[in-house]
There are 2 protein chains.
Amino acid sequence: MKNTEKITDAELEIMKVLWEKKSLTLNELVEELSKEEPKNKSTIKTLLYRLIDKNIVKSVEKNKKENEYKPLISEKKYLKSANETFLDKVYDGNVNNMLLNFVEDKKITKEEIEKLLNIIDE
Amino acid sequence: MKNTEKITDAELEIMKVLWEKKSLTLNELVEELSKEEPKNKSTIKTLLYRLIDKNIVKSVEKNKKENEYKPLISEKKYLKSANETFLDKVYDGNVNNMLLNFVEDKKITKEEIEKLLNIIDE
DNA sequence: ACTTACAGTTTACATCTGTAATCTTTTTTT
DNA sequence: AAAAAAAGATTACAGATGTAAACTGTAAGT
């Protein structure tokens with residue numbers, strides 16, 4: 001699949017909610033997204049339609065009045081693709097270099113790395 | 001500075017070369033960028049001008065005929081900003097989650113993490 | 001000095017993106 | 001049944017982006 005990479009920033013905000021909630025009506029979606037700052041329903045509709053066009057979301061009839069929207073690709077899959085794209089684009093695929101920079105920026109601490117080691121050892 | 005984040009994908013390719021070579025004429029730049037696949041000079045010109053507009057690159061006279069182009073912001077600074085943007089956008093700032101996903105995708109191996117620990121211990 | 005070639009600069013243009021309004025079809029309400 | 005409300009679907013539009021051509025001024029060759 002290539003579509004995974006074509007999720008834009010605004011669309012991603014929609015997807016995050018859909019991944020978390022699995023399935024939502026438009027109104028539920030708008031409500032979720034408006035928790036922090038109010039969002040325009042029309043805008044969300046457009047983004048949703050674009051995601052449907054791209055086969056990233058599907059629309060299923062819930063009842064006579066409303067549809068439900070469900071993700072067609074998994075978050076894992078998206079993350080894998082997003083990681084790869086970022087790594088290639090910014091670091092030409094060099095993970096070490098990326099990690100070093102995160103450490104330099106104090107984004108990654110020693111504790112986190114040790115935690116990670118433990119997890120890997122399973 | 002905010003401009004750092006506004007470097008687009010195509011512009012980034014230009015910047016990578018400028019960061020590495022410090023200073024180049026247009027022709028040198030085109031030559032470098034064309035090593036893998038030939039690039040259109042006109043396109044590179046446009047990207048260069050946009051970077052100049054954004055105060056990310058400066059143009060200095062080299063001789064009567066040609067100018068040299070130099071980066072105005074450091075690669076480190078860009079990387080810091082790019083890391084942050086990616087982390088926030090995709091993982092809502094959760095570094096652990098990001099690392100876990102990189103590990104799952106086999107992008108980060110145990111060896112790399114151990115190497116990293118050594119580096120931090122300095 | 002005149003022409004040519006090329007660096008520098010400006011303009012063009014299709015597609016993508018964020019944002020939203022409008023139109024159409026159903027469902028509710030009165 | 002008629003009117004109102006709302007969901008679904010389409011259209012709009014400005015700014016960003018990738019790609020490249022056109023224009024302009026000057027250096028270089030003859």
Side-chain angles (χ1 to χ4, degrees), chain A residues 2-18 23-34 36-70 78 82 85 88-90, chain B residues 2-18 23-34 36-70 78 82 85 88-90:
Chain A
K2 290 203 79 275
N3 286 337
T4 319
E5 292 133 303
K6 299 209 212 79
I7 297 175
T8 70
D9 290 4
E11 288 164 0
L12 182 56
E13 294 313 304
I14 308 275
M15 292 309 292
K16 282 182 183 173
V17 177
L18 289 183
S23 185
L24 291 174
T25 64
L26 174 62
N27 281 328
E28 289 166 345
L29 189 57
V30 173
E31 193 184 353
E32 276 299 319
L33 286 166
S34 298
E36 318 194 343
E37 27 176 346
K39 294 285 160 57
N40 184 296
K41 194 172 179 175
S42 226
T43 301
I44 294 180
K45 277 190 202 181
T46 302
L47 293 172
L48 211 40
Y49 276 96
R50 286 186 185 162
L51 285 164
I52 291 169
D53 265 358
K54 294 185 196 172
N55 276 303
I56 293 170
V57 163
K58 71 173 167 185
S59 168
V60 288
E61 194 169 287
K62 184 185 185 181
N63 51 48
K64 272 294 147 212
K65 191 175 176 58
E66 282 175 295
N67 286 16
E68 273 195 322
Y69 301 94
K70 298 170 190 287
Y78 166 74
T85 301
D88 286 347
K89 177 188 134 188
V90 177
Chain B
K2 289 202 79 277
N3 285 338
T4 319
E5 292 133 302
K6 299 209 213 79
I7 296 176
T8 70
D9 290 4
E11 287 166 359
L12 182 55
E13 294 313 304
I14 308 274
M15 291 309 293
K16 282 183 182 171
V17 177
L18 289 183
S23 184
L24 291 175
T25 63
L26 173 63
N27 281 327
E28 289 166 345
L29 189 56
V30 173
E31 194 184 354
E32 277 298 320
L33 288 165
S34 298
E36 317 193 343
E37 28 176 344
K39 296 285 159 57
N40 185 296
K41 194 172 178 176
S42 227
T43 301
I44 295 180
K45 278 189 202 183
T46 301
L47 293 172
L48 208 42
Y49 275 93
R50 286 186 184 161
L51 286 165
I52 291 170
D53 265 359
K54 294 185 196 172
N55 276 303
I56 293 171
V57 164
K58 71 173 166 183
S59 168
V60 286
E61 195 169 287
K62 185 185 186 183
N63 53 47
K64 273 293 144 212
K65 193 174 174 60
E66 281 175 294
N67 286 17
E68 273 195 323
Y69 300 94
K70 297 169 192 286
Y78 166 75
T85 301
D88 286 348
K89 176 187 133 189
V90 178

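Labels below follow one simple rule: chain letters A, B, ... track the order of the sequence lines, proteins then strands, and each chain is numbered from 1.
- We find that Lys39(B) and Glu13(B) are not joined by a salt bridge, their nearest charged nitrogen and carboxylate oxygen being 4.0 Å or further apart.
- Considering only side-chain N and O atoms, Asn67(A) lies under 4.0 angstrom from the phosphate OP1 or OP2 of dG8(D).
- Among the heavy atoms of the strands lying under 4.0 Å from Thr46(A) is at least one base atom, whether or not backbone atoms are also near.
- In the set dG18(C), dA20(D), dA21(C), the nucleotide with an atom closest to the side chain of Asp9(A) is dG18(C).
- Rounded to the nearest 0.5 angstrom, Leu29(A) CG and Ile14(A) CD1 are separated by 5.0 Å.
- Straight-line distance from the CD atom of Glu61(B) to the P atom of dG8(C): 9 Å, rounded to whole Å.
- We find that CD1 of Ile7(A) is positioned 16 Å from C1' of dG18(C), with the value rounded to whole Å.
- Looking at every heavy atom in both residues, Glu32(B) comes nearest to Val17(B) through CB-CG1, 3.8 Å.
- Each of Ile52(B) and Leu47(A) was assigned the nucleotide of DNA chain C with the nearest heavy atom; the assignment lying further toward the 5' end belongs to Ile52(B).
- The nearest heavy atom of DNA chain C to Asn63(A) and to Tyr49(B) marks one nucleotide each, and the one closer to the 5' end goes with Tyr49(B).
- OP1 or OP2 of dG8(D) has at least one side-chain nitrogen or oxygen of Tyr69(A) nearer than 4.0 Å.
- One finds a side-chain N or O of Thr43(B) lying less than 4.0 angstrom from the OP1 or OP2 phosphate oxygen of dA20(D).
- Checking dA9(D), dA7(C), dG18(D) against every side-chain atom of Lys45(A), the shortest atom distance belongs to dA9(D).
- Of the candidates dA21(C), dT19(C), dA22(D), dA22(D) carries the atom nearest the Ser42(B) side chain, counting heavy atoms from C-beta on.
- Across the protein-nucleic acid pair, Lys41(A) atom NZ and dA6(D) atom C1' stand 7 Å apart, rounded to whole Å.
- Regarding Leu33(B), its CG atom lies at a distance of 14 Å from the P atom of dG18(D), rounded to whole Å.
- Applying the 3.5 Å distance criterion, the base of dT11(C) shares no donor-acceptor pair with the side chain of Arg50(B).
- Residue Asn40(B) has its side chain nearest to dA20(D) when only dA20(C), dA7(D), dA20(D) are considered.
- With dA7(C), dT28(C), dT10(D) as the choices, the nucleotide that has an atom nearest any side-chain atom of Lys65(A) turns out to be dT28(C).
- Remark: side-chain polar atoms of Lys54(B) are paired, donor with acceptor, to backbone N or O of Lys6(B) under 3.5 angstrom.
- For the pair Glu68(A) CD and dG8(D) C1', the interatomic distance rounds to 15 Å; values are reported in whole Å.
- Closest heavy-atom contact between Leu51(B) and Met15(B): CD1-SD, 3.8 Å.
- Look at CD on Glu13(B): it is 14 Å from C1' on dT17(D), rounded to the nearest Å.
- The nearest whole Å value for the distance from the CD1 atom in Ile44(A) to the P atom in dT10(D) is 20 Å.
- Proximity of Thr8(A) to the phosphate of dG18(C): a side-chain N or O atom is located under 4.0 Å from OP1 or OP2.
- Among dA7(D), dA7(C), dA27(D), the nucleotide with an atom closest to any side-chain atom of Glu66(B) is dA7(C).
- Per the geometry, CG belonging to Leu51(B) stands 11 Å off P belonging to dT17(D), to the nearest Å.
- A pairwise comparison of heavy atoms in Ile52(A) and Tyr69(A) identifies CD1-CE2, 3.8 Å as the closest pair.
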